[in-house]
Structure formats: C-alpha cells, structure tokens
Amino acid sequence: MASRTSGMNPVVTLLLQRIGIGFVLIIAISFLLFVGVEMLPGDFARNFLGQSATPEAVANIRKELGLDEPLLSRYLGWLGGMLTGDFGHSWANKASVNEQLFKRLANTLFLATTAALFAVPISVGLGMVAVFFRNKLPDHVINILSLAAISMPEFFIGYLIIFAFALLWPIGDGPPIIPSSPLLSLANVQLIFLPALTLVVVVLAAMMRMTRAAILNIMESAYIETAELKGLNMMTIIRKHAAPNAISPIINVVALNLAYLVVGVIVVEVIFAYPGMGQYFVDAVKVRDMPVVQACGVVFAGVYIVLNMLADVGAILANPRLMHPK
Amino acid sequence: MSNELKHLGLKVVLGRMNRRDFIGRAAALGVAAPLATQLLSSTARANPVRGGHLVLGLNGGATTDSLDPGLAPSAVPQSVNYAWGETLVVTDPNDGTAQPWLAESWEASADAKTWAFRIRKGVTFSNGKTMTVDDVVATLKRHSDENSKSGALGILKAIGQNFRADGDNLVIELESGNADLPYLLSDYHITIQPNGGFDAPAAGIGTGAYTVEVNEPGVRHTLVRRDDHWKSDWAYVDSAEILVINDTTARTAAMSGGKVHVINRVDPKTVHLLKRVPNVKINNVSGRGHYVFVSHVDTPPFDNVDLGLALKYAINREEIVDKILRGFGTVGNDFPINAAYAFFPDSIPQREFDTDKAAFHYKKSGHDGSPIVLRTSNAAFGGAEDAAVLFQQTCQAAGIPLEIKREPADGYWSNVWNVQPFCVSYWSGRPTQDQMYTVAYQSEADWNDTRWKRPEFDKMMIEARAELDAGRRKEIYTSMALMLRDEGGLIVPMFNDFIDASTTRLEGQLTDPSAPLSNALLICRAWFAS
C-alpha cells in the first residue's frame with residue numbers, strides 16, 4: 001500500500017493521462033478534417049450551387065464566408081469557437097450548428113442505445129451458449145448465422161429487413177422514420193424497431209464471436225487445465241477462473257461495437273431516412289459545409305475516443321495485474 | 001371528344017390507365033399528343049375535391065437547404081418554395097406557354113424592348129400585407145444585384161437594373177428585344193417576397209397558398225393551406241407534408257408500403273415492379289432535360305467536323321434509351337431542343353445509327369488512331385457509366401478507338417464538366433429555346449460546355465429572340481438547330497422522362513414537362529378523389 005499513499009492512485013493518474021491524450025487527439029483530428037475537406041475537389045461555393053454555379057455567385061459566396069482568408073487563420077478562428085462550445089453557423093442555411101447537432105446527436109444516441117441494450121446481453125449470452133455447447137449443434141447454428149450476418153453489408157441487411165418486416169409482414173415502420181418529440185417515449189421505441197433491429201444484427205455477430213473466442217481462449221490455458229485436474233466442476237471453473245480473465249477482451253469488443261453503433265449508423269440512417277447525425281454529416285460533406293462537417297467530425301471522434309478510453313479503463317480495472325502494479 | 005376517348009380519359013382519371021398509354025391509344029384514334037394531353041387534363045379537371053393531408057416522400061432535400069428562394073437547388077426546397085411563394089408568370093403544363101400569375105397581363109412594344117406587366121391586385125402575403133408593385137421591383141432588385149447569390153442572377157442579366165414601378169405596372173426596358181421575357185420571369189428562384197426578401201430572405205413569407213408550419217431542412221417540411229389565397233381553382237389539399245427520403249430504395253419502400261402518397265425520381269430500372277403494387281400509379285412525362293456527351297469543338301481532335309460526325313453516327317440512341325432509361329425517354333437528335341419547346345424545328349430528320357457512315361467519316365477525319373478519351377461518372381446522370389460502355393461498343397464496330405475514363409462523382413461538376421474536352425453531362429431544359437441556347441451555346445456563355453463560338457449562330461439567336469412573328473422564329477430556330485446538329489460538339493442520345501409515382505387516389509395535374517412533380521407545383525395542383 002506504500003505506493004498508493006506516496007502519490008495519486010495509479011488508476012486516477014492513468015485516467016487523467018488518457019483524458020489528456022484524448023483531448024489532444026480530438027484537436028489533431030479536427031485539424032486533419034479541416035485540411036482534408038479543404039483538399040477535396042471543389043469548394044463549398046461551387047458544390048452548394050452545383051451545376052448552376054455562376055462565377056459571380058461563387059465569388060459572392062466566397063467573399064461573404066471569408067474563404068479567401070488563409071487556411072490556418074480560418075482554422076484557428078473555428079478552433080476558438082469550438083473551445084468555447086460554439087460550433088458556429090452552417091454556411092449553407094445559416095442555422096446554428098449547436099442546435100441542429102444536439103438534436104441530431106440525441107436521435108442517433110437514442111437509436112444506438114436502444115440497439116445496444118438489446119445487442120450486448122444477447123451477444124454475450126449467445127457467446128456463452130456457444131462455448132457451453134462447443135462443437136455441438138447449437139454452436140454450429142450460432143456460428144453459421146453470425147457468419148452470414150457479418151458477411152452481408154449493413155445496407156443490404158437493412159433492405160432485407162425493410163422488405164420482410166415493413167412490406168411483406170408489416171410488424172414495424174419502414175422509412176421514413178422520424179421520431180416525434182419527446183424523444184424518450186414508448187411510441188418512438190416502437191417506431192425505431194426496424195432500424196434498431198438492423199443495427200443489432202450488424203453488431204451482434206462481432207460481439208458474439210469475440211465473447212466466444214475470449215472465453216474459449218482462456219478455457220484452453222494451462223491454469224484451467226490445472227483446475228480441471230484438481231477436480232473442480234465446470235461451472236466453478238468458468239465462474240472463478242475463466243470469466244474474470246475473459247472480461248477485459250469482452251469489454252473491449254463491446255465498447256468498440258458501441259462506438260461503431262454511434263459512428264457507423266450513417267448507412268442505416270440513410271436507408272431508413274432517420275434524421276440522425278449520419279444524415280446530417282453526409283449532407284454537409286456533399287456541399288463542403290465546413291462548420292457542420294467539423295462539428296460532426298469532432299463529435300464522432302469524441303464518442304469514439306471516449307468509448308475506447310472506457311474500454312481501456314474497464315480492461316485495466318478488470319485485470320488485477322494492471323490494478324496493482326508491482 | 002369521341003365516346004371512345006372520353007372512356008379512355010375516364011380510365012386514366014380512375015387510375016386504370018397511365019398517361020403514356022392514353023396518349024398512345026389516342027394517337028391510334030388519330031388525336032395528336034398535345035391535344036390528347038389537353039383532353040386528358042380537361043377530363044381530370046372535371047371535379048376537384050378539397051381536403052385531405054398529402055404526404056410526399058422526396059429525393060432532393062438536405063440539411064443544408066434554406067427557404068431563401070434564390071438558393072433553392074433541388075426538388076424539396078423548390079416544392080416548399082412554390083407552396084408559400086409565387087412567381088409573376090407560370091408556364092402552362094400542357095403547351096409550355098407563359099401564363100399570367102401574379103402578373104395579370106403584359107404588353108410588349110413592337111421591338112420587344114419595352115414591357116409592361118400589370119401586377120395583380122388584392123393579393124396578400126401570408127403576413128397579412130398586400131403585395132404591391134414595389135415588392136415586385138424589390139424582388140427583382142435582390143435577385144439581379146451583382147452581389148447576389150441568387151441562382152437567377154444569370155437569367156436576370158438580360159434585364160439588368162432597367163426596371164421600375166409605374167402605377168400598377170412593372171415596366172422593364174431591355175437593351176435589346178426579347179420576346180421571351182415572360183418566360184424568364186417564371187424562373188422558380190424569383191418568387192415575390194415582401195420588400196423583395198431584403199429583410200428576411202429565408203422567412204418563408206409569400207403570396208402562396210400555403211404557409212410553412214414545420215421547417216426542418218433535410219428531414220421534413222409541413223405546409224398548411226391559407227384561407228385567403230387569391231385563386232379559387234388551386235391548392236386543394238388542406239395540408240401537405242414533405243418527408244426527405246434521398247435513398248431510392250427507401251423511397252420506393254415508403255411508396256409501396258403506403259407511408260407516402262407521392263414519390264419523385266422513380267428508378268427506371270424498377271418502374272415495372274412499382275407499377276405492379278396495387279394503388280400505385282406512375283406519372284411520367286417527357287421533359288426538356290437531356291443527357292449529353294459534350295466535346296470541346298476548339299480542342300483537337302474534336303475540332304475536326306468529320307470526327308464529330310463519326311461519333312454522332314456511331315451512337316445507337318434507341319439502344320441507350322431502351323437500356324439506360326428502360327424506354328422512359330425519347331431519342332435526341334444532337335441539338336438540345338425537343339418537342340416540349342414552343343417553335344420546335346420539327347422538319348429536321350432524325351439522325352440514325354449508321355456504322356458505315358461513322359466509319360466513313362472517321363476515315364475522312366484522318367484521325368491518327370490514338371484513343372479518344374470520354375470521361376464519365378454517374379454524377380452526370382444515373383447510368384452514365386453504362387451509357388458510355390454502350391457507346392464504346394458501337395464505336396468499336398465502326399473502328400473508332402473510344403476509351404472510357406471513370407471520374408469520381410464528388411466534384412464532377414467543378415473538375416471534369418466544362419473542363420475536360422470530352423465528357424458526359426446532363427442539362428435540365430429551360431423554358432424556351434432562347435434560354436437553352438443562351439445558357440450554353442452563345443460564344444460568351446459561362447456554361448458553353450462545347451466551346452461553340454460562332455458569331456453567325458449568336459446573330460441568329462439574337463434575331464430570333466426579338467422576333468415576335470412565330471413563323472419566322474421557327475425558321476431561325478430550324479437553321480440554328482441544323483448548324484449545331486451537324487457541326488456542334490454535343491451528342492444527344494436522349495431526352496429523359498420525369499418519372500414520379502403516386503397513389504391512384506391522387507388526381508389533378510400531376511405532371512408538367514417543365515420539371516418533375518408537376519413543375520414542383522404538385523401540392524397546389526393535386527387533389528384526392530373522394
């Protein structure tokens with residue numbers, strides 16, 4: 001215990017370090033994004049006006065938005081706003097980015113969280129079932145189905161689900177899916193049933209297979225064999241020896257998939273015409289609406305970094321060796 | 001109208017036959033297409049019914065949309081803007097002629113230089129104010145200002161700043177005569193706003209039949225009918241809702257699932273499937289939009305007229321219409337005008353696919369045999385890449401070495417189109433021949449994407465523009481079209497149909513050759529059968 005009294009709790013130090021790194025990462029990402037959008041062919045004025053752009057109109061828009069200014073000064077101006085919590089106004093329709101962003105983010109989080117609430121218990125449960133029946137029929141069935149789900153791109157799964165459950169046997173709402181306010185209501189949960197189902201199918205397989213692999217991996221290690229040789233029964237071995245050591249890879253894959261749910265829902269949002277972050281982002285990128293692209297990019301990066309950080313911290317907390325160094 | 005025709009017309013009204021079939025059957029009975037369309041509309045217009053809530057699932061909306069009519073780039077903002085705002089002139093959905101709207105009538109001097117538009121009285125904005133000539137003048141000022149971002153800036157260049165209020169009239173004095181001035185004022189950007197929209201361009205306040213209740217760009221817009229609109233046979237549904245569904249499959253699913261009453265931009269590849277869904281009808285009309293392969297006639301090897309002709313003979317237009325548009329279109333004739341325009345030069349023979357002639361002209365051109373690079377992208381039009389491949393195959397048969405280079409869709413309009421010497425493109429038509437030629441075939445035009453610079457062509461165009469005699473005008477347009485067809489840098493394989501779909505219960509004027517969704521006026525022109 002001497003090490004703890006002499007300094008800060010190592011977990012707290014680690015956490016602070018991670019937060020610091022995450023913050024630097026977000027700034028770096030925002031800069032890369034800025035430069036990246038700048039490097040894309042065509043600028044906002046041209047893309048916004050499309051084929052009907054006249055040189056005069058393009059010049060007028062550029063002048064008004066200050067696009068003639070050098071890149072760095074524009075970036076620093078934006079960064080200043082961002083650090084004070086103001087993402088500015090959309091170039092295209094002058095609406096406040098903050099207002100739109102949080103509404104869209106709430107929609108996306110609502111969809112992603114609902115999907116996660118189903119996906120995580122189901123996948124971890126199925127993973128355990130697969131281990132329990134290793135190389136028997138249930139394991140094979142679960143494996144084949146999850147491989148099939150992984151192999152199909154998510155837009156295709158989405159279309160199949162729309163076709164089957166919105167048109168053929170209508171048990172849920174097809175596109176467009178526009179939640180009514182207030183967001184947190186049973187009616188909205190019912191409304192987003194099909195897109196949530198699509199997301200569950202998309203992430204389920206990865207999480208399930210990772211759970212199965214993590215537990216199996218540990219079941220094959222020497223100390224489990226020792227425990228078996230000592231004559232302990234199977235349940236005790238899984239509970240006391242295997243599970244605690246399998247938690248950290250499982251937490252990792254769950255967190256990564258949650259991040260995927262938030263960041264990767266773009267395609268699902270588009271095919272269900274769901275007004276979330278993804279659609280907002282895609283619309284903005286199309287016309288190079290920089291303030292919106294930047295804001296969405298920062299939020300996506302933030303979610304990804306925070307969930308990864310949580311995964312790391314979770315894995316450390318679950319691992320006694322990392323909790324008690326030396 | 002014969003009984004047979006009446007019967008057919010009724011079938012269309014009841015949704016048991018589509019317009020295309022009707023026109024075909026009418027033609028068999030010896031009735032020309034424009035007349036048939038008119039007969040059809042008169043049948044359909046027989047008994048409009050008021051009421052109902054119309055839901056549209058549309059492609060062409062984005063989070064970045066604004067209610068500023070000067071900035072409306074696509075179908076959704078156009079439809080919204082036409083619900084709350086109106087223009088001085090609206091084109092007729094059947095013959096394309098300019099019809100009085102907020103301008104009650106107009107007169108031109110003999111040289112078509114001085115115009116007086118009488119502004120309708122007793123028209124109110126949705127904020128309660130009465131529309132005056134000053135609002136009209138201010139609107140024109142805002143869109144024609146040099147610093148304007150309005151998409152109408154190019155069109156209004158012809159007018160400049162030479163307009164003023166004179167009593168109840170808007171008087172415009174042009175530097176050179178323009179018989180098409182009323183058509184220019186039907187442009188969808190120029191909806192009349194209080195004080196021209198200088199105070200609040202995106203407020204959504206206008207003289208239109210609806211007010212904007214919910215405005216969530218890229219998601220939905222809801223519209224509610226005003227009780228005090230000036231026109232009685234107009235705006236039948238009580239309220240309307242536009243839901244943005246940009247994904248084609250999602251839109252089709254929404255239509256077949258009955259979640260929306262109308263969708264736009266039906267994929268030609270799946271029209272035959274959507275047709276089978278009960279209670280869904282397809283509303284298609286041949287528009288003025290056309291798909292083109294454009295080459296710069298001032299750049300080798302495209303400056304060689306024989307090479308141009310070789311390429312024009314080497315394209316199989318019928319095949320491309322069949323395979324790319326699934327028949328939802330008509331073949332082009334290498335000039336940018338079709339029968340949807342007034343004064344269409346109908347005496348020009350159709351250019352046919354002819355491998356021998358293509359080979360002959362190719363040989364005559366003395367081309368060195370190096371590959372001719374055609375740049376293509378589906379950004380230009382759906383199926384552009386496939387169309388290029390079909391073109392390549394028929395070129396091959398004539399011994400022409402066409403090479404296809406695929407370009408990214410992103411930035412296509414700024415990096416490839418109007419930059420590279422040979423590429424695919426798309427032109428949505430214009431209300432008049434003059435505008436189409438002015439925008440892209442005048443020597444000085446910004447969008448002269450074929451680098452067509454012929455002083456004699458420009459001269460004819462200006463002459464036709466000021467010509468109030470219809471016969472003479474048609475003659476000039478015929479010579480211009482012939483010149484462009486034989487020496488110009490554009491190959492026009494086809495004009496595309498606008499394909500929308502709606503529930504069979506929906507009636508009224510559902511199509512308009514000017515633009516899809518009945519020229520974005522569908523909300524005001526449609527009603528539900530009781």
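Just so we're on the same page: letters track the sequence lines, and every chain starts at 1.
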For this session: Determine, stepwise, if the pair B/His53 / B/Ser239 fulfils side-chain hydrogen bond (donor to acceptor under 3.5 Å, both in side chains).
Result: CA-CA 5 Å; B/His53 179 70; B/Ser239 55; 2.6 Å; yes
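- The aromatic rings of A/Tyr75 and A/Phe34 sit perpendicular to each other, their planes meeting at more than 60°, with 30° as the lower class boundary.
- Looking at B/Val219, both its backbone and its side chain come within 4.5 Å of chain A, counting heavy atoms on both sides.
- Between B/Trp447 and B/Trp417, the ring planes lie tilted relative to each other; the angle falls in the 30° to 60° range.
- Interface check for chain B: of the options A/Pro176, A/Gly174, A/Pro275, the most heavy-atom pairs under 4.5 Å are formed by A/Pro176.
- With a threshold of 4.5 angstrom between heavy atoms, B/Arg220 approaches chain A through side-chain atoms but not through N, CA, C or O.
- By number of non-hydrogen pairs under 4.5 angstrom with chain B, the leading residue of A/Ala284, A/Pro175, A/Ala273 is A/Pro175.
- In this structure, chain A has no heavy atom under 4.5 Å from any part of B/Ala202.
- Remark: the B/Asn418 side chain and the B/Arg451 side chain contain an N/O donor-acceptor pair separated by less than 3.5 Å.
- Using bins of under 30°, 30° to 60° and over 60° for the plane-to-plane angle, the ring pair A/Phe281/A/Phe300 lands in the perpendicular bin.
- In terms of heavy-atom pairs under 4.5 Å with chain B, the best-connected choice from A/Asp289, A/Ile162, A/Ile178 is A/Ile178.
- Contacts between A/Tyr280 and chain B at a heavy-atom distance below 4.5 Å involve backbone atoms as well as side-chain atoms.
- Shown here is B/Lys259, whose NZ atom has more than 12 heavy atoms of other residues, nucleotides or ligands within 6.0 Å.
- For A/Ile271, the parts lying near chain B are the backbone and the side chain together; criterion is any non-hydrogen pair under 4.5 Å.
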